[in-house]
Amino acid sequence: MDARAREAAESSGAALPLAVRELVAGGVAGGVAKSAVAPLERVKILFQTRRAEFHGSGLIGSFQTIFRTEGLLGFYRGNGASVARIVPYAALHYMAYEEYRRWIILGFPNIEQGPVLDLMAGSIAGGTAVICTYPLDLVRTKLAYQVKGAVNIGFRESKPSQQVYKGIMDCVKTIYRQNGLKGLYHGMAPSLYGIFPYSGLKFYFYEKMKTHVPEEHRKDIIAKLGCGSVAGLLGQTITYPLDVVRRQMQVQALSSSSLVGKGTFESLVMIAKQQGWRQLFSGLSINYLKVVPSVAIGFTVYDSMKVWLKVPSREEAATVAVLTEERSNAAPIHSS
């Protein structure tokens, strides 16, 4: 019975359009990976935004503070918005990357299919995914920034009249009511500045490192996880300061931030001057701890979903796309 159900699922998966299968595989991979590292993501955001109670607490101290004030569920505050964002984001990111890669190959048949191609396709795909899902990232940050019960245990709040959002929809409605549609995209500029190089570099380093792996081991999960983890770490380190700027811009209305009305690069310089250049890398060590398991889980789930949904390899898909394009161009000639 299980074998029949599996065969039915596989046949139905293969019947879906390629782009839909890539969307599903990417979305599932993103959701599972994000939930697995949610506690580290929560602490990283609190470090980046200089939440007073967590300044100088360290990783263990921050975990203790969250558990004492909010309990176990506190580690997942904002994760609902995070997953609601990452599922469509990861789905769009993976699918757009594959689609842009095929479009570039179709438009420039003589282009070398190497890391540079992945750099271009990955950068554009990252920007596409950010634009489509940014409001959910903004909501996730605002919810994660809140610390329930902080006033009751004697913590000094940066703003006594700090606003508390009740949930995802309440946060979206409040932002829209106060600042309109523009408010839902506040802080997106540093996200785009950061995602273009990060997304492109991540795919670039990943594909570049795979070229140094023996041919017979390139399809091994361990090899993919190793290349992907290092690629994620390198990409994160290079673009991390822009992520800090984005977080502080997103929560400036909830804190005593001096970044109100400032642009991305002006904010970058101001943070370095007022808070020290080390603040631009605040939470990076936690990000390292988060990226490795996140990338490992993400790649494993994505590869498993691609196999289950019978998604062809990039090389096979690109070849099919080229042949399809050639046939469609040749069809009018034969008919005449």
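- Side-chain atoms of Leu117 and Ile104, non-hydrogen and from C-beta on, do get closer than 4.5 Å to each other.
- Of the inter-residue distances, the one linking Glu98 atom CD with Arg21 atom CZ reads 12.0 Å to the nearest 0.5 angstrom.
- Of the inter-residue distances, the one linking Lys310 atom NZ with Leu16 atom CG reads 11.5 Å to the nearest 0.5 angstrom.
- For the pair Pro135/Val172, no side-chain contact is recorded, criterion being any heavy-atom separation below 4.5 Å from C-beta on.
- Between the side chain of Tyr134 and the backbone N or O of His186 there is at least one donor-acceptor pair closer than 3.5 Å.
- Inter-residue side-chain proximity for Lys142 and Thr174 is flagged as unmet; no heavy-atom pair is nearer than 4.5 Å.
- A salt bridge links Glu99 and Arg102; the closest N-O separation between the charged side-chain nitrogens and carboxylate oxygens is under 4.0 Å.
- There is no side-chain donor-acceptor pair under 3.5 Å between Tyr76 and Ser35.
- Hydrophobic cluster of Leu73: no remaining members, since no ILVMFWY side chain lies below 4.5 Å from it.
- Atom CG of Asp118 is separated from atom CZ of Arg101 by 5.0 Å, given to the nearest 0.5 angstrom.
- Under the 4.5 angstrom side-chain criterion for Ile, Leu, Val, Met, Phe, Trp and Tyr, the cluster partners of Tyr100 are Trp103, Ile124.
- Rounding to the nearest 0.5 Å gives a distance of 11.5 Å between CG of Asp137 and CE of Met188.
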